[in-house]
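Both ligands and their constituent atoms are indexed starting at 1 by order of listing.
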Amino acid sequence: MRLALLGAPGSGKGTQAMLLEAKYGFVHISTGHILRKNLREKTELGLRAKPFMQEGELVPNDIVVEMVKERLSHDDAVAGFLMDGFPRDILQAEAFERILDEMGRPLDVVVLLKIDDELVVKRLTNRRTCRACGKILNLLGLHAGAKFCPDCGGGLYHRDDDSEPVIRNRIEVYREHSEPLAGWYEARGLLRTVEVEEYYMPEDTFRRIEAALDL
Ligand code: AMP
């Protein structure tokens, strides 16, 4: 299956992508993850992307589109993929469509995770990620006070761009650039919408995604 996950920052795209990958073996491609890896390794791409990421702005399209094209050329993406965090605007969606058409592998479905803005702020200020296995935790619920990953014991960190002013900017950027994607994909008959509710566990949203995808 060729699938893209859309949704505001903090809507749970990364968590849901990891659950889908674990259960169905989808190849998970996260542009945010690839960019953060480049940042850590101080590659030329990482150095170019850094000022945009620090402010919660979109990294320029030429960088991101090339990065996605390169990633899709790997053998593991031939059978299908799960795109997380891309496309982020209509120009990226158009470029994505062209790349996939050239490969003769169009998208099958797009899932939009719909969430309230204030819930996004609450979730992101309390979000922690495991340095070792990448698991994403929320300190508001089951994992209150956690210092280490419950799965592998790795240390947890708070992403630099999860501070409140940067979160607010990321929401603005989402509204302006990414929200119009829902209509764009709706017009192509590819969109499925899943509501994310405040007291949901990730497994509740996951079940809704499975139902939306007829899995
Ligand atoms: P994410 O992990 O998806 O929340 O992305 C973290 C940051 O990486 C974003 O705030 C952007 O600065 C950058 N980024 C990730 N994906 C994209 C994309 N498709 N286009 C532009 N910038 C992106």
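Ring geometry, F96 versus F86: the interplanar angle exceeds 60°, so the pair is classed perpendicular (tilted spans 30 to 60°).
The ligand atoms of ligand 1 that sit less than 4.0 angstrom from a heavy atom of Q92 are 18 (C), 19 (N), 20 (N), 21 (C).
Considering N61, L5, T31 only, the shortest heavy-atom separation from atom 16 (N) of ligand 1 involves T31. Distances from atom 9 (C) of ligand 1 to the heavy atoms of R170, M53, R88 put R88 nearest.
In this structure, R208 and D204 have side chains that are not in contact, with every pair of non-hydrogen atoms separated by 4.5 Å or more.
Between R188 and E97 there is a salt bridge, since at least one side-chain N of the basic residue sits less than 4.0 Å from a carboxylate O of the acidic one. Using a 4.0 Å cut-off between a side-chain N of Lys or Arg and a carboxylate O of Asp or Glu, R98 and E102 do not qualify as a salt bridge.
Taking atom 12 (O) of ligand 1 as the reference point, the nearest protein heavy-atom neighbour is E57 O, 2.6 Å. For atom 19 (N) of ligand 1, the nearest protein heavy atom (residue, atom name, distance) is G85 O, 2.9 Å. Residue, atom and distance of the protein heavy atom nearest to atom 2 (O) of ligand 1 are R36 NH1, 2.9 Å. Ranking protein heavy atoms by distance to atom 6 (C) of ligand 1, first place goes to R159 NH2, 3.5 Å. Counting protein heavy atoms only, atom 14 (N) of ligand 1 is closest to L35 CD1, 3.5 Å. Atom 22 (N) of ligand 1 has V59 N, 3.0 Å as its closest protein atom, hydrogens excluded (heavy atom only).
Separating the CG atom in N138 from the CG atom in N126 is a distance of 5.5 Å, to the nearest 0.5 Å. Rounded to the nearest 0.5 Å, atoms CG (L124) and CZ (R159) are 7.5 Å apart.
Considering backbone and side-chain atoms together, K13 places no N or O closer than 3.5 Å to any N or O of ligand 1.
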